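Notes for the one structure printed next.
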Amino acid sequence: MNKKTLKDLNVKGKRVLVRCDFNVPFDENNNITDDTRITSSLPTITYLLNSGASLILMSHLGRPKGEANPKYSLLPVSKRLSELLDKEVIFSDCDIVVDENVKKSAQSLMPGDVMLLQNTRYRKEEEKNGEDFAKDLASLGEIYVNDAFGTAHRAHASNAGICKHLPSAVGFLVEKEIEVMGNALQNPKRPLTAILGGAKVSDKIAVIENLLNIADNILIGGGMTYTFLKAMGYSIGTSLLEEEKQDLAKSLIEKAKNKNVSLILPVDTVVAKEFKNDTEFFVTDADKMPEGFMGLDIGDKTIELFKEVIKKSSTIIWNGPLGVFEMDNFAKGTNAIAQSIAENTNAVSIIGGGDSAAAVEKIGLGDKITHISTGGGASLEFLEGKILPGIDAVDDK
Ligand code: AMP
């Protein structure tokens, strides 16, 4: 890792601005339903506090589209953080995030104090990486730390722009993300198996292309399966199809052969009459899908086939559910694969954020996985081999 980390900083007596990812989900009564993103930021926060810094934390929350909106206020996050830290968190409830009062409050912070700014996306310039907003934010502190992996694939004022104005480093969370995923891509223990699911081929093309240069095995599941099967000349009934991506699917299969990568498609599939949990469904071989039915999960033979490959792998990267796991009748494949990854405790296992992470947590296997990424989109772009602008902007060692 060539980026500066917390250990490269001397923060004693300094005001440190920390970009966190506090973009947590809420229920209809405005209660936080999952505070993982807040708890994940605690190692960085407590390390900086114990090192004698005062902290100005910032984050986005949802999509307030560049204006103040109480629905997206970070106040509930501030309260939860205060409970977790067992100390006061000064919440700066400013509609434009930074004004003269906020600047004064920041100036008066003492070592050990924690202040949380209002949602950075209350300002239009945030997502445009606006120079004035980046300067406003930077004026509050003396050092900048980026610990928000979830937004690292976007160049925004609070992660990219701000780095121009302050010495910077990555926090523990971002450091772990890029170290574990970077190692898996650059220097993996082999065999390296990538399991790719999710809805669409179009969202995963770049990942498949990149992993074709790196992985030993690529296991395909989820909605994109059927575009591949159709491209191979099979009938797929009413399954999800990206008509115009069939040629591409064919070329990916061809490339895999040429590169000696074993690209494995489902050999059987659960088909359903309708896209809902309570409907007629059964398992059929992938080349015998009946008319009027849609594929919503991988079948039992495929589960066994995938499990055999997973068992023999030393590095496993998983991104995207293998079926419509939100519906119990079509969650079997996703759960079985999650279980099998968790059982291979000798392997380095990495799960991209979003749905696959939710699937492992739901069945209580999160702690058996080497690394669950905190950023769905960001981890996907990382696996695509792209440079993440939010990390690129941070000072090199
Ligand atoms: P993604 O965001 O691309 O990872 O896709 C996740 C979504 O893919 C989930 O909501 C799944 O329900 C959906 N999905 C998985 N398998 C299928 C399938 N066979 N047909 C339709 N949608 C699927």
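Remember, it's 1-based here, ligands and their atoms both numbered in the order they're listed. Computed from heavy atoms alone, side chains included, the values below leave out hydrogens, waters and symmetry copies. These numbers were taken from a predicted model, which means no experiment stands behind them.
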Verify whether one side chain among Tyr122 and Ser73 offers a donor that lies under 3.5 Å from an acceptor in the other. no
Under a plain distance cut-off of 3.5 Å, with no hydrogens placed, do Glu177 and Ser379 share a side-chain donor-acceptor pair? no
Cut-off 3.5 Å, no hydrogens considered: what does the side-chain donor-acceptor table look like for residues 98-106, sequence neighbours left out?
| from | atom 1 | to | atom 2 | distance (Å) |
| --- | --- | --- | --- | --- |
| Asp99 | OD1 | Asn101 | N | 3.1 |
| Asp99 | OD1 | Val102 | N | 2.9 |
| Ser105 | OG | Asn101 | O | 3.0 |

Any chance the rings of Phe281 and Phe330 have centres within less than 6.0 Å? yes
Find all protein N or O atoms under 3.5 angstrom from an N or O atom of ligand 1 and list the pairs with distances, or write 'none'.
| from | atom 1 | to | atom 2 | distance (Å) |
| --- | --- | --- | --- | --- |
| ligand 1 | 3 (O) | Ala199 | N | 3.2 |
| ligand 1 | 4 (O) | Lys204 | NZ | 3.4 |
| ligand 1 | 5 (O) | Ala199 | N | 3.0 |
| ligand 1 | 8 (O) | Ala199 | N | 3.2 |
| ligand 1 | 10 (O) | Glu326 | OE2 | 2.5 |
| ligand 1 | 12 (O) | Glu326 | OE1 | 2.6 |
| ligand 1 | 12 (O) | Glu326 | OE2 | 3.3 |
| ligand 1 | 16 (N) | Gly223 | N | 3.2 |
| ligand 1 | 19 (N) | Gly295 | O | 3.0 |

Polar side chain donor-acceptor pair, Ser41 to Asp147, under 3.5 angstrom: no
Regarding Glu126 and Thr120, is there a side-chain donor-to-acceptor distance under 3.5 Å anywhere? yes
